[in-house]
Amino acid sequence: MGDSKPVSVGIVGASGYGGVQLVRLLMDHPGVKVVYLGGDSSAGKPFSDIYPHLSHATDLVIAPVDPEAIAAQCDVVFLSLPNGLACEMTPTLIQRGCKVLDLSADYRFSNLETYKAWYGGDRTDGDVAATAVYGLPELYRDRIKDAKLVGCPGCYPTASLLALAPLLKQGMIIPETAVIDAKSGTSGGGRQAKTNMLLAEADSSIAAYGVTRHRHTPEIEQICSDLAGHEVLVQFTPHLMPMVRGILATVYATLRDPGLVREDLATIYKAFYRNCPWVTILPNGIYPQTKWACSSNMCYIGIEVDQRTDRVIVMSAIDNLIKGQAGQAVQCLNLMMGWDETLGLPKLGFYP
Ligand SMILES: NC(=O)C1=CN([C@@H]2O[C@H](COP(=O)(O)OP(=O)(O)OC[C@H]3O[C@@H](n4cnc5c(N)ncnc54)[C@H](OP(=O)(O)O)[C@@H]3O)[C@@H](O)[C@H]2O)C=CC1
Ligand SMILES: CC(=O)N[C@@H](CCC(=O)OP(=O)(O)O)C(=O)O
């Protein structure tokens with residue numbers, strides 16, 4: 001970086017939860033200048049009308065989306081939009097020389113047929129999609145460094161895969177026994193009004209949803225299969241929690257070697273994540289809380305073994321809006337630009 005010109009960045013979907021986190025992180029990032037904010041129903045409004053608490057951070061007005069105009073102003077574009085929109089604008093942005101980080105599911109799948117089966121819609125951008133890299137730096141750092149298009153992971157897949165990856169990569173579990181029980185705060189559902197997110201519905205209550213059919217299942221399975229070297233199916237059940245931020249994924253799987261104890265696994269996890277500044281393996285007997293990760297880009301992992309059942313239990317906590325979304329996208333940007341992976345990202349959560 002040094003005295004070099006800041007990288008010009010655009011954020012499409014700035015009025016949403018992902019967008020506002022990107023604005024917060026990127027306004028404080030030493031390598032970039034946010035020059036463009038885009039949206040749909042918010043177009044024409046100053047960003048500070050939507051988020052008055054950030055009026056001292058930017059006087060940008062949200063513009064209607066015009067990929068040509070965005071490409072004329074921006075070196076890098078973050079797309080934080082509902083699924084099925086990024087694939088319409090990304091080909092133009094890439095052709096015009098922009099680097100693109102998509103926070104939706106549009107570029108997470110190596111096989112577009114899987115995307116279409118779970119998300120619907122038609123895709124005419126197969127050539128561009130084939131160049132996309134899955135944006136989980138702890139697993140695909142080298143590919144992200146060279147990418148022009150990154151499909152950033154979903155929030156549940158981030159927490160689940162960071163918990164499972166060392167076990168799968170080292171062949172320590174029977175992959176098909178993996179069960180992921182995950183809980184999310186309501187901000188995971190975005191800023192759109194939805195009945196199940198009303199305080200009267202979500203408060204003081206917990207429920208599973210999408211059981212056996214949540215669209216993050218094929219995303220988790222794609223990466224598990226890549227790590228295991230063969231096709232893997234997992235059982236994934238998400239739950240909505242009466243809290244705003246955070247995901248806790250508790251993963252169960254049967255160990256191949258029943259002699260392994262939690263100290264062995266902790267050593268293996270620490271080695272696997274030794275060059276990963278955003279993953280903390282907790283000391284033996286300590287289990288993560290979502291509150292610890294709140295507002296930081298950290299993923300906290302706790303490990304336990306039940307010697308009666310030969311199962312390993314791994315608990316992983318993240319902030320769904322930071323490591324699960326906007327923070328992870330900035331982490332990928334840092335890699336794409338050749339910067340330190342931690343640049344401009346919050347290391348310390350706010351607590352309590
Ligand atoms: N929330 C989370 O924890 C996570 C979300 N994601 C994914 O990130 C993406 C964004 O999520 P989130 O921030 O929660 O969503 P929000 O619903 O909070 O925001 C959606 C944004 O998309 C914009 N938008 C909608 N339609 C259009 C359009 N036709 N043209 C331009 N802009 C449009 C909206 O703009 P306007 O207000 O102007 O209409 C709004 O800014 C989604 O794909 C989501 O699945 C990924 C990981 C975690
Ligand atoms: C609590 C809640 O509703 N969470 C969202 C997941 C958010 C996310 O990561 O979704 P994308 O894969 O679309 O990016 C859900 O279950 O649909």
Side-chain angles (χ1 to χ4, degrees), residues 10-24 36-47 49-51 61-67 70 77-89 101-109 115 118-120 134-136 150-161 182-197 201-202 206-211 213-220 222 236-249 290 293 318-329:
I11 301 167
V12 187
S15 70
Y17 284 158
V20 68
Q21 294 308 316
L22 286 167
V23 169
R24 180 173 80 89
Y36 169 91
L37 301 178
D40 183 30
S41 61
S42 61
K45 292 184 188 163
F47 180 77
D49 278 12
I50 299 165
Y51 293 113
V61 173
I62 298 180
V65 177
D66 172 357
I70 298 170
V77 185
F78 290 85
L79 301 175
S80 185
L81 301 167
N83 297 312
L85 293 177
C87 57
E88 291 175 4
M89 46 191 97
L101 296 110
D102 176 30
L103 277 57
S104 82
D106 289 12
Y107 292 106
R108 294 177 192 162
F109 291 89
Y115 174 90
W118 286 81
Y119 290 84
Y134 190 72
L136 192 53
V150 168
C152 297
C155 44
Y156 285 122
T158 296
S160 308
L161 291 167
K183 285 119 187 152
S184 172
T186 59
S187 63
R191 201 171 190 236
Q192 297 293 312
K194 291 172 198 154
T195 306
N196 67 329
M197 299 299 182
E201 306 284 330
I206 301 168
Y209 64 102
V211 184
R213 58 179 177 276
H214 193 279
R215 63 191 190 288
H216 284 172
T217 308
E219 185 183 332
I220 295 168
Q222 168 180 267
F236 167 63
T237 305
H239 300 74
L240 190 66
M241 299 298 286
M243 61 187 191
V244 175
R245 280 169 179 247
I247 285 189
L248 179 70
T290 52
I318 60 170
D319 183 330
N320 58 296
L321 297 176
I322 307 296
K323 182 60 175 161
Q325 190 191 27
Q328 181 139 266

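Remember, it's 1-based here, ligands and their atoms both numbered in the order they're listed. Numbers here simply count residues along the sequence, with the first being 1.
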K.L.:
Identify the closest protein heavy atom to atom 3 (O) of ligand 2: which residue and atom is it, and at what distance?
P.N.:
Gly189 CA, 3.5 Å
K.L.:
Any non-hydrogen atom of His214 lying under 4.0 Å from ligand 2?
P.N.:
yes
K.L.:
With no hydrogens and no angle check, is any side-chain donor or acceptor of Asp106 less than 3.5 Å from a backbone partner on Ala86?
P.N.:
yes
K.L.:
Provide the number and element of each atom of ligand 2 under 4.0 Å from a heavy atom of Gly185.
P.N.:
1 (C)
K.L.:
Between atom CD of Glu219 and atom CG of Leu161, what is the distance when rounded to the nearest 0.5 Å?
P.N.:
7.5 Å
K.L.:
Under 3.5 Å between some N or O of ligand 2 and some N or O of Cys155?
P.N.:
yes
K.L.:
Find all atoms of ligand 2 within a distance of less than 4.0 Å from any non-hydrogen atom belonging to Tyr156, and give their numbers and elements.
P.N.:
16 (O)
K.L.:
Hey, does Leu79 have a side-chain heavy atom less than 4.5 Å from the side chain of Leu85?
P.N.:
no
K.L.:
Would you check whether Ser184 reaches within less than 4.0 Å of ligand 2, judged by its heavy atoms?
P.N.:
yes
K.L.:
For Gly210, is the nearest heavy atom under 4.0 Å from an atom of ligand 2?
P.N.:
no
K.L.:
Yes or no: does Asn83 have any heavy atom under 4.0 Å from an atom of ligand 2?
P.N.:
yes
K.L.:
Output all residues satisfying ring-ring contact (aromatic ring centres under 6.0 Å, His included) with Tyr115, sequence neighbours left out; order by chain, then residue number.
P.N.:
Tyr119
K.L.:
Can you tell me how far CG of Asn196 sits from OG1 of Thr186, rounded to the nearest 0.5 angstrom?
P.N.:
9.0 Å
K.L.:
Among all protein heavy atoms, pick the one closest to atom 2 (C) of ligand 2 and tell me residue, atom and distance.
P.N.:
Tyr209 OH, 3.3 Å
K.L.:
May I ask you to test the Arg245-Ile322 pair for a side-chain heavy-atom distance under 4.5 Å?
P.N.:
yes
K.L.:
Looking only at non-hydrogen atoms, find the nearest pair between Ser104 and Asn83 and report the distance.
P.N.:
CB-OD1, 3.4 Å
K.L.:
Closest approach of Gln325 and Ser80, non-hydrogen atoms and distance?
P.N.:
NE2-OG, 4.0 Å
K.L.:
Have a look at Thr217 and tell me which of His214, Arg215, Arg213 forms a side-chain contact (heavy atoms from CB on, under 4.5 Å) with it.
P.N.:
His214
K.L.:
Among Val77, Val12, Ile62, find the residue that satisfies the side-chain contact (heavy atoms from CB on, under 4.5 Å) test when tested with Tyr36.
P.N.:
Val12
K.L.:
Shortest non-hydrogen contact from Asn320 to Gly188?
P.N.:
ND2-N, 3.3 Å
K.L.:
Between Arg215 and ligand 2, find which residue part has any heavy-atom pair under 4.0 Å and reply side chain, backbone, both or neither.
P.N.:
side chain
K.L.:
Check whether any N or O atom of His216, backbone or side chain, sits under 3.5 Å from an N or O atom of ligand 2, and answer yes or no.
P.N.:
yes
K.L.:
With a 4.0 Å heavy-atom cut-off (strictly under), which part of Asn320 contacts ligand 2: side chain, backbone, both or neither?
P.N.:
neither
K.L.:
Looking at Tyr209, Trp118, Tyr156, which one forms a ring pair (Phe, Tyr, Trp, His ring centres under 6.0 Å) with His216?
P.N.:
Tyr156
K.L.:
Does ligand 2 have any atom sitting under 4.0 Å from a heavy atom of Glu219?
P.N.:
no
K.L.:
What part of Arg108, side chain, backbone, both or neither, has a heavy atom within less than 4.0 angstrom of ligand 2?
P.N.:
side chain
K.L.:
Does the side chain of Met197 reach to within under 4.5 Å of the side chain of Leu240, using non-hydrogen atoms?
P.N.:
yes
K.L.:
Which of the numbered atoms in ligand 2 are under 4.0 angstrom from any heavy atom belonging to Leu240?
P.N.:
1 (C)
K.L.:
How many angstroms lie between atom CZ of Arg191 and atom CD1 of Ile50, to the nearest 0.5 angstrom?
P.N.:
7.0 Å
K.L.:
Looking only at protein heavy atoms, which one is nearest to atom 5 (C) of ligand 2, and what is the separation?
P.N.:
Gly188 O, 3.3 Å
K.L.:
Report all protein residues having a heavy-atom distance below 4.0 Å to some atom of ligand 1; order the list by chain, then number.
P.N.:
Gly13, Ala14, Ser15, Gly16, Tyr17, Gly18, Gly39, Asp40, Ser41, Ser42, Val65, Ser80, Leu81, Pro82, Asn83, Leu85, Leu103, Ser104, Arg108, Cys155, Ser187, Gly188, Gly190, Arg191, Gln192, Asn320, Leu321, Gly324, Gln325
